[in-house]
Amino acid sequence: MARIAPLSGFPEWLPQGRIVEQHVLDVLRHTFELHGFAGIETRAVEPLEQLLRKGETSKEVYVLSRLQELDEPGRPEREDKQLGLHFDLTVPFARYVLENAGKLSFPFKRYQIQKVWRGERPQDGRFREFTQADIDVVGSGDLPYHYEVEIPLVMAEAFGALREIGMPPVRILVNNRKVAEGFYRGIGLEDVEGVLRQIDKLDKIGPEKVGALLVDECGADEEQAKACLALAAISGSDASVITEVRALAESHGAVTELLTAGLAELEALVVAAGERAPGVVVADLKIARGLDYYTGSVYETVLVGHEQLGSVCSGGRYDTLASDGKNTYPGVGLSVGVSRLVSRLLSGGLVTATRAVPTAVLVAVSAEETRRDSDAVAAVLRARGIPCEVAPAAAKFGKQIKYADRRGIPFVWFPGEAGHGADGGAPGAEPAGPAGSVKDIRSGDQVDADPATWEPPAEDLRPRVVPAASPVR
RNA sequence: GUGGGUAUAGCUCAGCUGGUAGAGCAUCGCGUUGUGGUCGCGAGGGUCGCGGGUUCAAGUCCCGUUACUCACCCCA
């Protein structure tokens, strides 16, 4: 079939979209580095058994094999020899920490921006190949709680820096596994995982159906189901949330040691966030997170007005992910779904780039015999850091201008045309240099200029990422 | 993996109860012979996703298949 069809779930942006993505990546990296996170990159593959430690997600792993191996039918498929593409950056990072523990200094703060792969059904904002940007802090043996406060605040800062390009505000929703687990056990429910999974569906199917599911699937009675729903209904951005939860637990006689410990942590987070990033971090007791390795704070981040898109940045505290049996390296991290975020910024018409190419100046070519004059002008401009290109053909100037216009290139340079500027210098005043004239094709203004001294306005030097004029919906 | 919808030009889509494949936008050319955008005229571009079946005749009806898409599962 000669027809080329896009592969669903493997997003590719046009040049203009890539400029937006690149800007988002630059802002994230810059913010991470401002906070002292060191960048690393891990290999794209891990042994299958490493990846499967995460549990249920195992079915989503893409396994790697060589064509040649398919021709060896008798070959037993040994799981410990098989390689899979990583489906997140947390598991490879845990492996990396164990492998390099002797060479790292703890607490170790790293950021990691890479593609990951998941074999799921793609949907709007859900991909099979996508970019994640992670920050994590791991300690050796223990990890102070204050990092669970710091991590979301770093992200809040990064998202704050993206507001100026037209990204909507975010809400970082926080919960604490100890609170949830302590409460559920306190009221007599043992299937903590199951309850969390049902609670996670609240936004989609509503409290009635979740209540029914708790009874049917998790062995809860009516009273217990009601208590779980009551807990999940609590949210807020100040310490009153803690009081509320404690009161609810007391009324059900469900105050456990675990619950008390979790509440203390959640309170510290909410209070600190209220001071350092007011309005961004919200305690929300229905945030569950499916992954089973979280042990403390859990986070989810939604774009305000785009809640249906799902979380664009999630993570939490884990205590046993990286352990070699002797030493354990607890950590806390957050992961930005860059592809999901960027796809919405682009498809929602929220953000755009001022042009599709880096080029600020198109140097026109009068005739193929004089192309070298145009090349010379371009070389002088480039030496001064002005991105430029030379016209592809010595076509009529109208056509060359059109070439620039299509790509959003703001300036066209006409070599050796000094004196022809529409509103250029005084009549008869010949410029000294090799010169020419440069036209701003947006306004039509054309002036005589010398490539050794002329420069475009700062805002035209490179493509800028800006709020789009007309958001879709 | 489960269930629904869709598939016609580069893009967005028409095409009725079967009868020789269409529009708008985009592209290219000319008017305007070296300074674009407007306007006018014109041109190119399609094995109607793929395979089979029914029929004198299938873009249209039937079956299969693939891809896309939405929901579920799960998740960034």
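As the structure is a computational prediction, the values presented were derived from the model and not from experiment.
- Not a single donor-acceptor contact under 3.5 angstrom links the side-chain atoms of A:Arg126 to the base of B:rA76.
- Straight-line distance between the C1' atoms of B:rC13 and B:rC48: roughly 13 Å, to the nearest whole Å.
- Using a cutoff of 4.0 Å between basic side-chain nitrogens and carboxylate oxygens, A:Arg442 and A:Asp460 are scored as salt-bridged.
- OP1 or OP2 of B:rU69 sits under 4.0 Å from a side-chain N or O of A:Ser8.
- Residue A:Arg407 contributes atom CZ, which lies 18 Å from atom P of B:rG36 at whole-angstrom precision.
- When the nearest nucleotides of RNA chain B are assigned to A:Gly310 and A:Asp124 by heavy-atom distance, the more 5′-ward of the two goes with A:Asp124.
- In terms of heavy-atom proximity, A:Val412 sits nearest to A:Ala364 at CG1-CB, 4.2 Å.
- Across the strands present, B:rA67 finds its partner in B:rU6; the criterion is a Watson-Crick or G-U wobble pair with both atom distances under 3.5 angstrom.
- Rounded to an integer number of Å, the gap from A:Gln308 CD to B:rA71 C1' is 12 Å.
- With rounding to whole Å, A:Phe10 atom CZ is found 18 Å from B:rA76 atom P.
- Counting atom types as modelled, A:Arg121 pairs a side-chain N or O with a base atom of B:rU2 as donor and acceptor under 3.5 Å.
- Ring-base stacking between A:Phe127 and B:rA76 is not satisfied when judged by a centre separation under 5.5 Å and a plane angle under 30°.
- Residues passing the ring-ring contact (aromatic ring centres under 6.0 Å, His included) test with A:Trp117, sequence neighbours excluded: A:His86.
- Of the listed nucleotides (B:rC68, B:rA76, B:rU33), B:rC68 has the atom at the smallest distance from the side chain of A:Arg128.
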Please list, one pair per line, the donor and acceptor atoms closer than 3.5 Å that link side chains of residues 155-170 of chain A to other protein atoms, with sequence neighbours excluded.
unit_1: A:Glu157; atom_1: OE1; unit_2: A:His35; atom_2: NE2; d: 2.9
unit_1: A:Glu157; atom_1: OE2; unit_2: A:His35; atom_2: NE2; d: 3.2
unit_1: A:Arg163; atom_1: NE; unit_2: A:Met167; atom_2: O; d: 3.0

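- Rounded to whole Å, the C1' atom of B:rG15 lies 24 Å from the corresponding atom of B:rA43.
- For A:Arg406 and B:rG37, the shortest distance from a side-chain N or O to OP1 or OP2 is not below 4.0 Å.
- The separation of B:rC62 from B:rA71, taken at their C1' atoms, amounts to 28 Å, rounded to a whole angstrom.
- Comparing B:rC68, B:rA76, B:rU35 against the side chain of A:Gln446 picks out B:rU35 as the nearest.
- Atom-to-atom, CG of A:Asp440 to P of B:rU35 comes out at 19 Å; the value is rounded to the nearest Å.
- Across the P atoms, B:rU47 and B:rC11 are found 13 Å apart, a figure rounded to whole Å.
- For CZ of A:Arg372, the number of neighbouring non-hydrogen atoms (other residues, nucleotides, ligands) closer than 6.0 Å is 12 at most.
- When each of A:Ser335 and A:Arg442 is assigned the nucleotide of RNA chain B with its nearest heavy atom, A:Arg442 is the one assigned upstream, toward the 5' end.
- Near RNA chain B, defined here as any heavy-atom distance below 4.0 Å, there are no residues from residues 22-33 of chain A.
- Separating the P atom of B:rG3 from that of B:rC61 is a span of 24 Å, rounded to the nearest Å.
- A donor-acceptor contact closer than 3.5 angstrom links the side chains of A:Thr42 and A:Gln112.
- Rounded to whole Å, atom P of B:rU35 lies 11 Å from atom CD of A:Gln400.
- Annotation: B:rG53 and B:rA9 have their C1' atoms spaced 29 Å apart (nearest Å).
- One interatomic measurement links the two molecules: CG of A:Leu173 to P of B:rA76, which rounds to 14 Å at whole-angstrom precision.
- Of the candidates B:rC74, B:rG36, B:rA76, B:rC74 carries the atom nearest the A:Arg197 side chain, counting heavy atoms from C-beta on.
- For the pair A:Lys396 NZ and B:rG36 P, the computed distance is 10 Å after rounding to whole Å.
- At least one cation-pi condition fails for A:Arg406 and A:Tyr403: the charged atom is not both under 6.0 angstrom from the six-membered ring centre and inside a 45 degree cone around its axis.
- For A:Val192 against A:Glu181, the heavy-atom pair with the smallest separation is CG2-CG, 3.8 Å.
- Between the NZ atom of A:Lys439 and the C1' atom of B:rG37 there is a distance of 11 Å, rounded to whole Å.
- B:rG24 is paired with B:rC11 under the criterion used here, namely a Watson-Crick or G-U wobble arrangement in which both key atom distances are under 3.5 Å.
- For A:Lys399, a side-chain nitrogen or oxygen approaches OP1 or OP2 of B:rG29 to under 4.0 Å.
- Nearest nucleotide to the A:Asp405 side chain, out of B:rA76, B:rG36, B:rU33: B:rG36.
- Of the candidate nucleotides B:rG36, B:rA76, B:rC73, B:rC73 has the atom lying nearest to any side-chain atom of A:Gln123.
- Comparing B:rU8 with B:rC30, their C1' atoms sit 31 Å apart, to the nearest whole Å.
- No donor-acceptor contact under 3.5 angstrom links the side chains of A:Asn175 and A:Tyr294, judged on distance only.
- There is no side-chain donor-acceptor pair under 3.5 Å between A:Tyr184 and A:Gln224.
- When both pairing distances are held under 3.5 Å, B:rC39 makes a Watson-Crick or G-U pair with B:rG31.
- Taking the C1' atom of each, B:rG1 and B:rG59 are spaced 33 Å apart, rounded to whole Å.
- Of the candidates B:rU35, B:rC73, B:rA76, B:rA76 carries the atom nearest the A:Glu120 side chain, counting heavy atoms from C-beta on.
- When Watson-Crick and G-U wobble pairs are counted only if both distances are under 3.5 Å, B:rC72 pairs with B:rG1.
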